[in-house]
Amino acid sequence: MTTRIYVPCDTTALSMGADDVAARLTQEAAARNIDVQIVRNGSRGLFWLEPLVEVETSTGRVAYGPVEAADVTDLADAGLFEGEQSHPLSQGLTDEIPYLKKQQRLTFSRIGITDPLSLDDYRAHGGFAGLKKALSISPQAILDEVKASGLRGRGGAAFPTAIKWQTVLDEPEGQKYIVCNADEGDSGTFADRLVMECDPYMLIEGMTIAGLAVGASQGYVYLRSEYPVAFRIFKTAIERAYDAGYLGDNITGSGRHFDLEVRLAAGAYICGEETALLESLEGKRGMVRAKPPLPAIKGLFGRPTVVNNVISLAAVPFILDKGGAAYADYGMGRSRGTLPLQLAGNVRRGGLVELAFGISLRELMEDFGGGTFSGRPLKAVQVGGPLGAYLPESQWDTPIDYEAFAAFGGVVGHGGVVMFDDTVDMGEQARFAMEFCAAESCGKCTPCRIGAVRGVEVIDRIRAGENSEANLELLSELCETMVDGSLCAMGGMTPFPVQSVIRHFPESLKG
Amino acid sequence: MHMSDKTTHANGVVSRSSAEPWTPALIQQEVDALKDKPGALLPILHAIQDRFGYIPDAAIPIIAETLRQTRADVHGVISFYHHFRTHPTGSHVVQICRAEACQALGARHLEAHVKERLAIDYHQTSRDNEITLEPVYCLGNCACGPSIRVDDDIHGRVTADKFDRLVERLTTAPLELPS
């Protein structure tokens, strides 16, 4: 009998030595005359346990982690190949691990379970059911399901997805585009990467459905060049989807047409902004465009274009398969459905946590995250990437909800949660926000281009004790100018982390 | 570690770590293969850099002429993006993540250690021509920082010791002959 063993192949598992572990397992099994099949599955997103090795048994998959290559012989002696659970690295049945069990995985339901590139696996776990539904109903009916789901853009701006789609559908027929924003530049985020590395067909399916809904026959995925593993896997997935008739000019024999291509970005954070992204796709510098016109009316190559984040598009197959109402059942207020949260930075149990909106930040960081990696007290948490505010303890009871965060000037953004312990120098973090903006500004508008450079200088003067009071006032004014006068969120939100440090951690700015 | 198993990546895709010397004809070949794509410039620049390790100045007029753009336009695009290089690198490119999630786990200390160990700053190449050092803002490995990228491999939980061992392996690995 062949024993099936799973060793993940996502970036994080690889970064912790998964290839070596897989090789050692093969050798060890051969030495013991045990017949094994090593499956390179996606990651479960329990990153503190990576590489997480799973062994299939009659009662379910048994997990071991974090496994290093040097542990393999010991694990085999303790009965890993038989699914014995006595070894200290045994985590018991994977499905019973509380971190996983307590989640509400709608979008990430298959992730870590399947071989990312296996179409059989994808179909066996509900894949393409949404596409099948979409092919049987009208474009407006597809759109109505998305509208009923209440889905809002998961890239950060939280704009209602259905309104964007409706605008594109209502434009006269002709060349239209679906563009997937996979330029996941926010530090502390990896949900897009996981989708593309661990369940790529879900994104292909979501984009195809979007194309059917708005009448677009061409899709592009704009993927950041910092994700070489995602690029390799996704590119292969597209090829296989074409070979199997899920892409091309006759999707599953329906006569409908959708082409898809993945394009590599080139390391510019600003290209995560949708209009800069479109410029970049057109082969230009990633300069932000003034809006209007909206991309939905004049987007890629001047044509009506849907620009959605990976997670927004990846939510669509579920919505079509189970219905918009099933998705909207989750969540709170105007934040419907689930959000794949990402626990990162100085966290003991980092990883992906998909939950309905409404859980408090504190529950997330403590119950799931288990506190800091260093074991020291938690001091600040940055939610929503480099443009998000640093939150002090008084704000940790806020529920994860777009409106609740906006109420105090915070952003949920793409769902990244970066934790810092008490050794952090918050003044340095404020400086970094400006430094990052200076490096990444596209340069089109003055408040962002010049403001960020001046921001670094003023913070340096404050920290050096030069005329601190007056310079602090100058910094506050500069922040206001950037917020009010910048063309896009880059310059408009860079002050958020800075202002949060001024407000909540003023002592850190003293020289 | 998987420095020596370039050919055994998951999904069987080989990553390229060595660059070949360019000639105008070879550059033209890369440009011609992609020139008809809509918005072809970025794919062309990637193809050239992937194959030759950087984008030589001589590529600019070739690209400009083929795409019917000005040389200034092409230069402007190359210089806008951090990813594109206009000079050859050492045998390996090492990128240190400087973003917040890695900062929270000591990336600033690691950064200082790396610069001292290699005796170079960012955008420089070590004297033995082995390693070019670059900053990067996020590798998406944010739950297992600090992270670095060596060519196309990402490494997590990198300490000063782990980095030194990695460099040791990079600079002493036996040459692999192309098959």
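Small disclaimer: the values here were computed from a predicted structure and weren't measured. Chain naming here is simple, since letters A, B, ... match the order of the sequence lines and numbering starts at 1 in each.
- Counting heavy-atom pairs under 4.5 Å between each of M419(A), M287(A), Q382(A) and chain B puts Q382(A) at the top.
- Both the backbone and the side chain of V77(B) come within contact range of chain A, with heavy atoms under 4.5 Å apart.
- Among the candidates G76(B), G106(B), C144(B), A101(B), the residue making the largest number of heavy-atom pairs closer than 4.5 Å to chain A is A101(B).
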Check against salt bridge (Lys or Arg N to Asp or Glu O under 4.0 Å), E168(B) and R117(B): CA-CA 11 Å; E168(B) 203 64 27; R117(B) 170 73 173 72; 3.6 Å; yes
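- Residue R98(B) touches chain A through both its backbone and its side chain, counting heavy-atom pairs closer than 4.5 Å.
- Contacts with chain A were tallied for Q49(B), Q95(B), H83(B); H83(B) has the most, counting heavy-atom pairs under 4.5 Å.
- No other option in R349(A), K235(A), E428(A) has as many heavy-atom pairs under 4.5 Å with chain B as E428(A).
- Options E100(B), Q69(B), H82(B) differ in how many heavy-atom pairs under 4.5 Å they form with chain A, and the most are formed by E100(B).
- When L67(B), I78(B), L139(B), I148(B) are compared by the number of non-hydrogen pairs under 4.5 Å with chain A, L139(B) comes out ahead.
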Test log, rule salt bridge (Lys or Arg N to Asp or Glu O under 4.0 Å), inputs R68(B) and D73(B): CA-CA 10 Å; R68(B) 297 172 190 230; D73(B) 280 338; over 6 Å; no
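- Contacts with chain B were tallied for E261(A), E50(A), E184(A); E261(A) has the most, counting heavy-atom pairs under 4.5 Å.
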W48(A)/V347(A) under side-chain contact (heavy atoms from CB on, under 4.5 Å): CA gap, chis, key distance, verdict: CA-CA 9 Å; W48(A) 80 99; V347(A) 57; over 6 Å; no
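- At a 4.5 Å heavy-atom cutoff, the contact between C442(A) and chain B is made by backbone and side-chain atoms alike.
- Annotation: maximal heavy-atom pairing with chain A below 4.5 Å, among L41(B), V158(B), N141(B), occurs at N141(B).
- Counting heavy-atom pairs closer than 4.5 Å to chain B, the top-ranked of the candidates D421(A), L281(A), L264(A), L343(A) is L264(A).
- Looking at E197(A), neither its backbone nor its side chain comes within 4.5 Å of chain B, counting heavy atoms on both sides.
- At a 4.5 Å heavy-atom cutoff, the contact between P38(B) and chain A is made by backbone and side-chain atoms alike.
- Between chain B and the residues A433(A), C271(A), A265(A), the largest count of heavy-atom pairs under 4.5 Å involves A265(A).
- Proximity to chain B (any heavy atom under 4.5 Å) is shown, for D10(A), by neither the backbone nor the side chain.
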Test side-chain contact (heavy atoms from CB on, under 4.5 Å) applied to T12(A) and L194(A), step by step: CA-CA 9 Å; T12(A) 293; L194(A) 278 174; over 6 Å; no
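- Note that R224(A) lies in the cation-pi zone of Y227(A), set by a 6.0 Å cut-off to the ring centre and a 45° limit from the axis.
- Of all the listed residues (S374(A), A69(A), A230(A), S280(A)), the one sharing the greatest number of non-hydrogen pairs under 4.5 Å with chain B is S280(A).
- Under the 6.0 Å cut-off for aromatic ring centres, Y137(B) and F436(A) qualify, their centroids lying closer than that.
- Under a cutoff of 6.0 Å and an axis angle of 45°, R157(B) and F373(A) form a cation-pi pair.
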